[in-house]
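Every chain is numbered from 1 and lettered A, B, ... according to where its sequence line falls, protein lines coming before strand lines. These numbers come from the heavy atoms of this one structure, side chains and all, not from hydrogens, waters or symmetry mates.
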There are 2 protein chains.
Amino acid sequence: MKKQNVTIYDVAREANVSMATVSRVVNGNQNVKDATKQKVLNIIDKLDYRPNAVARGLASKKSTTVGVIIPNVTNTYFASLARGIDDIATMYKYNIILTNSDGNNQRELTSMNTLQAKQVDGIIFMGNEISEELRSEFKKSRAPVVLAGSVDASGKIPSVNIDYRQAVYSEVTNLINNGNDRIAFVSGPLERSINKDFRLKGYKDALTDAGIPYEKSLLFETDVSYSGGYALRERLQKNEVTAAIVTDDDMAAGVMNSMTDDGVSVPGEFELATSNDTKLTEMTRPTMSTITQPLYDVGAVAMRLLTKLMNNEDIEENKVFLPFGLKKRESTK
Amino acid sequence: MKKQNVTIYDVAREANVSMATVSRVVNGNQNVKDATKQKVLNIIDKLDYRPNAVARGLASKKSTTVGVIIPNVTNTYFASLARGIDDIATMYKYNIILTNSDGNNQRELTSMNTLQAKQVDGIIFMGNEISEELRSEFKKSRAPVVLAGSVDASGKIPSVNIDYRQAVYSEVTNLINNGNDRIAFVSGPLERSINKDFRLKGYKDALTDAGIPYEKSLLFETDVSYSGGYALRERLQKNEVTAAIVTDDDMAAGVMNSMTDDGVSVPGEFELATSNDTKLTEMTRPTMSTITQPLYDVGAVAMRLLTKLMNNEDIEENKVFLPFGLKKRESTK
DNA sequence: CTGTTAGCGCTTTCAC
DNA sequence: GTGAAAGCGCTAACAG
């Protein structure tokens with residue numbers, strides 16, 4: 001015997017009021033006499049009535065859900081942002097539809113489409129690069145879009161980040177001050193704006209300001225993964241680098257382990273600094289010095305920004321930059 | 001000028017057919033003449049019509065979304081399952097609503113409620129323990145529930161797991177064969193069925209079968225976290241353990257690092273085996289021996305099972321157990 | 001403070 | 001093969 005779902009109409013009838021009144025008490029509208037409100041509440045309780053969010057969404061044109069596009073939940077960096085997003089979303093009574101894109105442009109576009117089909121009220125995008133198509137999809141979207149921990153070359157999309165250029169600049173400067181002049185820059189694909197226009201820029205600026213010539217051979221592009229980093233050892237050694245700045249913690253762990261596994265002493269013969277401040281930086285031996293950044297907060301603030309956008313509130317600033325720091329651990333002198 | 005959304009009605013009018021026909025072509029119904037189908041398709045394209053999933057959900061009583069309750073996306077173990085879930089969900093045209101519970105009973109219940117309010121077609125639950133209230137909520141739910149990587153003491157809820165007892169049994173036996181007779185059992189709260197009824201059981205059974213007396217003082221309950229593990233060193237040493245089986249990789253890394261940081265040689269003086277086969281096991285030094293388990297697949301199979309349940313298909317077996325293995329790395333002899 | 005009445009955009013019989 | 005019409009369960013004017 002399949003239990004028929006109880007609707008707003010059922011409780012209206014049972015309570016001898018109109019649907020409108022039931023709707024009012026359910027939605028906390030003040031214009032209801034206390035007595036009737038109680039009466040309705042009782043019936044709701046008795047019937048175990050639960051509002052159907054889908055019907056509500058159709059009628060109100062608000063789904064109280066936001067879409068989240070993430071490269072891969074399995075990546076601690078993005079997962080940390082996602083956690084911040086979900087917490088703030090929950091706080092504001094939104095749910096999250098999560099879709100993994102693997103940073104694949106086609107899948108990002110597909111996600112945008114299904115998310116919009118599901119009438120999400122807003123979208124948070126995390127990704128390494130924003131294609132032109134994607135950008136135009138963002139623009140067309142009736143749901144506002146906010147970038148979290150992701151850089152937009154055009155600079156027009158609301159976003160929450162840290163100042164990647166400045167962060168890398170500081171860290172490289174630190175490495176230089178430690179006496180290094182052959183510092184590797186290890187990152188994912190340089191075609192990505194975040195790597196090319198910000199991090200690499202910071203790296204170059206630091207070298208320039210220190211009067212150290214920039215060498216292309218010290219750029220190492222690879223998979224953003226542990227194994228991607230691990231595979232770099234020979235090339236690194238051949239180029240006689242004495243230090244490296246790495247843009248991802250998994251990748252950094254790979255680089256460092258490949259060195260220590262080969263008998264290289266860290267930080268004695270090789271210094272390493274990484275970028276994402278995930279808990280992995282404390283789990284490796286030696287522990288890894290890193291740029292610190294409030295991962296959770298980047299997600300949280302992005303979601304908060306999105307709530308404002310969804311409410312058409314005035315925004316002081318479209319692009320917010322959260323403070324970063326430098327944490328010295330064992331992998332640098 | 002806010003663009004009015006184009007509806008099925010618009011394309012019907014424009015194509016000189018009824019809404020019903022448009023609906024048919026959108027849904028791939030065969031009963032449409034090829035010519036009219038083409039005509040409709042053209043208009044859809046021209047108008048850039050996109051079906052409203054919410055309206056569709058209300059009319060069809062199917063939302064094509066499933067709810068996923070996860071303790072914390074930030075935990076690689078669960079995140080890996082979540083990834084498997086999402087991939088299979090996507091394959092079957094479902095989206096995922098993700099909610100973090102922190103394993104908190106109250107929040108799990110809240111999530112169940114909002115998920116059902118949103119009319120999800122099914123629910124995947126990951127969690128360390130299932131309270132009675134939760135179990136009854138599962139039973140009341142019109143959306144089928146499947147557990148992923150989570151144990152149900154009552155044994156009635158569909159689930160996908162590995163045989164935790166057997167896995168721990170094998171690993172402990174291995175440690176015994178390496179000559180250890182003071183083996184620590186390190187886990188999260190023992191009130192959790194998965195720890196008490198399965199893993200601890202496997203530990204005890206292995207000792208018994210090897211004729212080694214069971215000692216309560218070798219049980220170490222703590223936070224399931226790196227720091228929780230790290231904090232255990234003194235107690236471990238005081239109890240003169242020579243090996244440990246740990247039920248979580250972060251926790252295991254903590255235990256191991258606390259030992260090596262104190263100058264204890266691993267595996268020389270202390271052997272360690274862990275349980276979850278996350279990539280962390282390869283990132284620590286020494287690398288950690290572990291139970292191997294198909295994390296992604298546990299999620300994937302759970303989602304597949306759920307699709308069958310949602311379609312009222314016949315299920316051969318409610319509880320599926322995926323194969324596990326043992327991977328020897330550097331932390332054991 | 002409360003009820004009436006239209007929809008929201010789509011699916012789904014039921015006819016033709 | 002196609003159309004008409006009745007909802008799905010709820011919100012939102014509007015009227016009183």
Side-chain angles (χ1 to χ4, degrees), chain A residues 2-41 43-44 47-65 93 114 116-121 142, chain B residues 2-41 43-44 47-65 93 114 116-121 142:
Chain A
K2 189 152 272 174
K3 58 196 153 209
Q4 190 56 51
N5 252 335
V6 7
T7 75
I8 199 173
Y9 180 73
D10 297 323
V11 354
R13 187 167 27 72
E14 195 86 359
N16 280 311
V17 297
S18 70
M19 297 166 52
T21 299
V22 177
S23 178
R24 286 191 188 95
V25 347
V26 166
N27 292 298
N29 187 315
Q30 294 303 309
N31 296 340
V32 185
K33 197 168 34 168
D34 242 23
T36 51
K37 180 174 167 183
Q38 266 320 316
K39 186 170 56 174
V40 171
L41 250 18
I43 301 293
I44 286 180
L47 265 39
D48 192 26
Y49 164 71
R50 315 200 195 170
N52 178 325
V54 172
R56 196 190 285 218
L58 183 57
S60 69
K61 293 174 167 304
K62 284 194 206 105
S63 61
T64 63
T65 108
K93 310 291 185 196
T114 70
Q116 289 178 269
K118 296 244 162 133
Q119 312 299 123
V120 296
D121 298 330
R142 66 162 54 232
Chain B
K2 190 152 271 173
K3 58 197 155 211
Q4 190 57 50
N5 251 335
V6 6
T7 74
I8 198 172
Y9 181 73
D10 297 324
V11 355
R13 186 165 28 70
E14 195 86 359
N16 281 311
V17 297
S18 69
M19 297 166 51
T21 299
V22 178
S23 176
R24 287 191 186 96
V25 348
V26 166
N27 292 298
N29 189 314
Q30 293 303 308
N31 295 340
V32 185
K33 201 169 27 168
D34 243 23
T36 50
K37 180 172 166 184
Q38 266 321 316
K39 186 171 56 176
V40 172
L41 251 18
I43 302 294
I44 286 181
L47 264 41
D48 193 26
Y49 164 70
R50 314 197 195 173
N52 178 325
V54 172
R56 198 192 288 223
L58 183 58
S60 68
K61 293 175 165 302
K62 285 194 207 105
S63 61
T64 65
T65 107
K93 311 291 185 195
T114 70
Q116 290 177 271
K118 296 244 163 134
Q119 312 301 119
V120 296
D121 298 329
R142 67 161 54 231

Hey, are the side chains of [X] and [Y] touching, using non-hydrogen atoms and a 4.5 Å cut-off?
X        : Y        : value
Val17(B) : Val22(B) : yes
Val54(B) : Leu58(B) : no
Val25(B) : Thr36(B) : no
Arg56(B) : Asn27(B) : yes

Which nucleotide in the list dC10(C), dG9(D), dT11(D) gets nearest to the side chain of Thr7(A)?
-> dG9(D)
Ser60(A) side chain: which of dC10(D), dC10(C), dA12(D) is closest?
-> dA12(D)
Partner of Lys118(B) under side chain to side chain donor-acceptor pair (under 3.5 Å), picked from Asn52(A), Thr65(A), Thr64(A), is Thr64(A)
[X] side chain near [N] phosphate (N/O to OP1/OP2, under 4.0 Å):
X        : N       : answer
Lys61(B) : dC10(C) : no
Arg56(B) : dT11(C) : yes
Ser18(B) : dT2(D)  : no
Thr21(B) : dT2(D)  : no

How many angstroms lie between [atom1] in [X] and [atom2] in [Y], if you round to the nearest 0.5 Å?
X        : Y        : atom1 : atom2 : result
Asp34(B) : Lys39(B) : CG    : NZ    : 12.5 Å
Ile8(A)  : Arg50(A) : CD1   : CZ    : 16.0 Å
Thr21(A) : Asn29(A) : OG1   : CG    : 9.5 Å
Asp10(A) : Ile43(A) : CG    : CD1   : 11.0 Å

Please report, rounded to the nearest Å, how far the [atom2] atom of [N] is from the [atom1] atom of [X].
X         : N       : atom1 : atom2 : result
Asp121(B) : dC8(D)  : CG    : P     : 19 Å
Lys62(A)  : dA12(D) : NZ    : C1'   : 11 Å
Ile8(B)   : dA5(D)  : CD1   : C1'   : 14 Å
Met19(B)  : dT12(C) : CE    : P     : 12 Å
Asn16(A)  : dC1(C)  : CG    : C1'   : 16 Å
Arg50(A)  : dC8(D)  : CZ    : P     : 21 Å
Gln119(B) : dG9(C)  : CD    : P     : 19 Å
Asn52(B)  : dG7(C)  : CG    : C1'   : 14 Å

Scan Val17(B) against the nucleic acid and name what it touches under 4.0 Å (heavy atoms): base, sugar-phosphate only, or nothing.
-> sugar-phosphate
By a strict heavy-atom criterion of less than 4.0 Å, which residues belonging to residues 25-36 of chain B are in contact with DNA chain C?
-> Asn27(B)
Along DNA chain D (nearest heavy atom to each residue), the more 5'-positioned of Tyr9(A) and Arg24(A) = Tyr9(A)
Residue Lys37(A) excluded, over 12 heavy atoms near NZ under 6.0 Å = no
Note, DNA chain D 5' to 3' with Watson-Crick or G-U pairs under 3.5 Å encoded as ( ), [ ], | and . gives ||||||||||||||||
5′-ward residue of the pair Leu58(B)/Ala20(B) relative to DNA chain C | Leu58(B)
